[in-house]
Amino acid sequence: MQIYNNRNRKLLNADKLSHHYIKIVYFCGSIFYITMDLLIPDKVHDETRQGEALILEPVGKTNGRKLYIESYGCAMNFSDSEIVASILAEKGFETTSDFNSADVIFINTCSIRENAEVRVRNRLKEFAGAKFRNPGMVVGVLGCMAERLKAKFLEEEKLVDVVVGPDAYRDLPNLIEQVDGGQRAVNVLLSREETYADISPVRLNSNGINAFVSIMRGCDNMCSFCVVPFTRGRERSRDAHSVVAECKDLFDKGYREVTLLGQNVDSYKWSGQLAEGAEPLAVGDEITVVNFANLLEMVALVSPELRVRFSTSHPKDITDEVLHTIAKYENICNYIHLPVQSGNSRILDIMNRTYDREWYMNRIDAIRRIIPDCAVSTDVITGFCTETDEEHNDTVTMMDYVKYDFAYMFKYSERPGTLAAKRYADDIPEEIKQKRLAQIVAKQQEYSFYRMQARIGKVEKVLIEGFSKKSDKDYCGRSDQNAMVIFPVSENYKPGQYVNVLVERTTSATLIGTIVG
Ligand code: SAM
Ligand code: SF4
């Protein structure tokens, strides 16, 4: 087996291999597959991007100061870091990939599980030497951990000068000034309106082919295990015009795939005035209230050459209207991430998911009926408070029912302040959580392989994203159903183009084939 470092594409030696294996597989409690061919990242919570530094090209004016910003957690955080960098680039900051040479270090954090926070704390320790050498350096914590811990962060981490929540990024230039003036600064105000709709994120770390587009912020769902409603505030939808304009702009710049992002995209709802001379918001209509199905359609109509993906769907909210819209447009990908969390109705009830096992199965049936060739992935939590072996088994049988293409599987991690932390004891012993997790991971591997095998002999339309991480002789790209596909390079095609690939063999996470046109 050969494993390559995903950042520099160098072959790892045996020592590094085991180190990387453990780090990649267990970091954040997420499970990722290392296959014989490649480490396959997911795009929405991409483990290979954790801790990645964002680099922008200089925009012209410079204040002579350098910003180092690295991000953890979900795609929303990576997208937010681009907004932060854009706000500071306007003020003349240039980005650097070396924190030792930075004037400002920002770490954009995730709070979803305890180990995500531990990782950030450890990383902060690594910045101490740089700050010692350059006492004028500003160290800031952004994102969910900043929002959760607020000013307490300044007490706990003496190194930190500034703590900024996800709705306060426009205030960053002022906050940096305050720190320059010798004070420590905090802004963790949450907003009911902020969507950063007018800020065009600069995307220079990207491959120029796929981009994330934030369509909403916050979450009103209050799942009992989840910290997000506390760290990201109330749900609000972004102006539909600005979403479509951003997607058009991306398409004009050569991007060929957008992923619309929100914690619960199905509850997207924007009402606004149709500006004079503006195009109608939905096909053949002058509606001024836009739901998610309408928005999907509007983005799909930007160009048939622009692929549209989205994440995350909530089982209680995903409508047949959305499914019919996906079925209607060839460029809306046949792939739905539909987190189940548990297959047992009592556990779903105390998780406050507001659906039960039957409802979830009904939504799966609707997907299979309306979009027969749709891939489905999920999130599962094992060992939630009071979960019995029988209840865990309901999750296993749900996996048998759906045969997911892919799954993120986590052990329950109690988060301070959440409803579950207040109401229920975290009473499942660690070794039982681990045993249940291992069981569903093994089951999922079987189903991922089963789904991949079913594609053998089929022709997949693939958007070429670049060279395979393993070899410059192979291209990689994703199928409509979001499977990674590897195939030999052809001079006739380049990244950003679509090709038809005949699938000849597979691993549990990759399709391997050749171009047929
Ligand atoms: N909004 C999405 C939804 O409703 O499915 C997901 C958001 S959350 C960032 C991603 C996943 O993290 C969740 O679906 C859940 O499986 C997992 N998660 C959230 N809180 C957790 C906790 N306290 N312990 C373990 N996993 C958790
Ligand atoms: Fe968290 Fe539930 Fe909102 Fe998802 S829907 S972000 S799991 S509260």
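Whatever order the structure lists them in is the order used to number ligands and atoms, beginning at 1. Numbering of residues begins at 1 and proceeds along the displayed sequence.
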Exercise for the section: Everything protein-side that's N, O or S and under 2.8 Å from atom 1 (Fe) of ligand 2: list it, residue and atom. Expected result: C226 SG
Handout entry: Salt-bridge contact E387-R436 (side-chain N to carboxylate O under 4.0 Å)
Key = yes
Problem - All pairs passing ring pair (Phe, Tyr, Trp, His ring centres under 6.0 Å) where residues 362-396 contributes a residue, at least two apart - result: F384-Y412
Practice task
Could you list which atoms of ligand 2 come closer than 4.0 Å to a heavy atom of R353?
Solution key: 2 (Fe), 7 (S)
Problem - Backbone N/O of P166 and side chain of R217: donor-acceptor pair under 3.5 Å - result: yes
Handout entry: Side-chain donor-acceptor pair present, N482, H337, cut-off under 3.5 Å
Key = no
Problem - Sidechain-backbone polar pair: S345 side chain, R357 backbone, donor-acceptor under 3.5 Å - result: yes
Handout entry: Plane angle bin for Y408 and F410 - parallel if under 30°, tilted between 30 and 60°, otherwise perpendicular
Key = parallel
Practice task
Before giving the answer on side-chain contact (heavy atoms from CB on, under 4.5 Å), spell out for Y255 and I209 the whole-Å C-alpha distance, their side-chain angles and the decisive distance to 0.1 Å.
Solution key: CA-CA 4 Å; Y255 285 80; I209 296 166; 5.5 Å; no
What does the N/O contact table under 3.5 Å look like for ligand 1?
from: ligand 1; atom 1: 1 (N); to: Q263; atom 2: O; distance (Å): 2.8
from: ligand 1; atom 1: 1 (N); to: Q263; atom 2: OE1; distance (Å): 3.0
from: ligand 1; atom 1: 4 (O); to: R353; atom 2: NH1; distance (Å): 3.2
from: ligand 1; atom 1: 12 (O); to: R113; atom 2: NH1; distance (Å): 3.1
from: ligand 1; atom 1: 14 (O); to: Q341; atom 2: NE2; distance (Å): 2.7
from: ligand 1; atom 1: 14 (O); to: D379; atom 2: OD2; distance (Å): 2.5
from: ligand 1; atom 1: 16 (O); to: Q341; atom 2: OE1; distance (Å): 2.7
from: ligand 1; atom 1: 18 (N); to: R113; atom 2: NH1; distance (Å): 3.4
from: ligand 1; atom 1: 23 (N); to: F225; atom 2: O; distance (Å): 3.0
from: ligand 1; atom 1: 23 (N); to: S413; atom 2: O; distance (Å): 2.7
from: ligand 1; atom 1: 24 (N); to: S413; atom 2: N; distance (Å): 3.0
from: ligand 1; atom 1: 26 (N); to: R113; atom 2: NH1; distance (Å): 3.2

Problem - E117-S111 side chain donor-acceptor pair, cut-off 3.5 Å - result: yes
Handout entry: Per-atom contacts, ligand 2 versus H314 - under 4.0 Å to a heavy atom
Key = 5 (S)
Exercise for the section: Measure the shortest side-chain to side-chain distance between V162 and L154 over non-hydrogen atoms and say whether it is less than 4.5 angstrom. Expected result: no
Handout entry: Set of residues satisfying side-chain hydrogen bond (donor to acceptor under 3.5 Å, both in side chains) with respect to D405, sequence neighbours excluded
Key = none
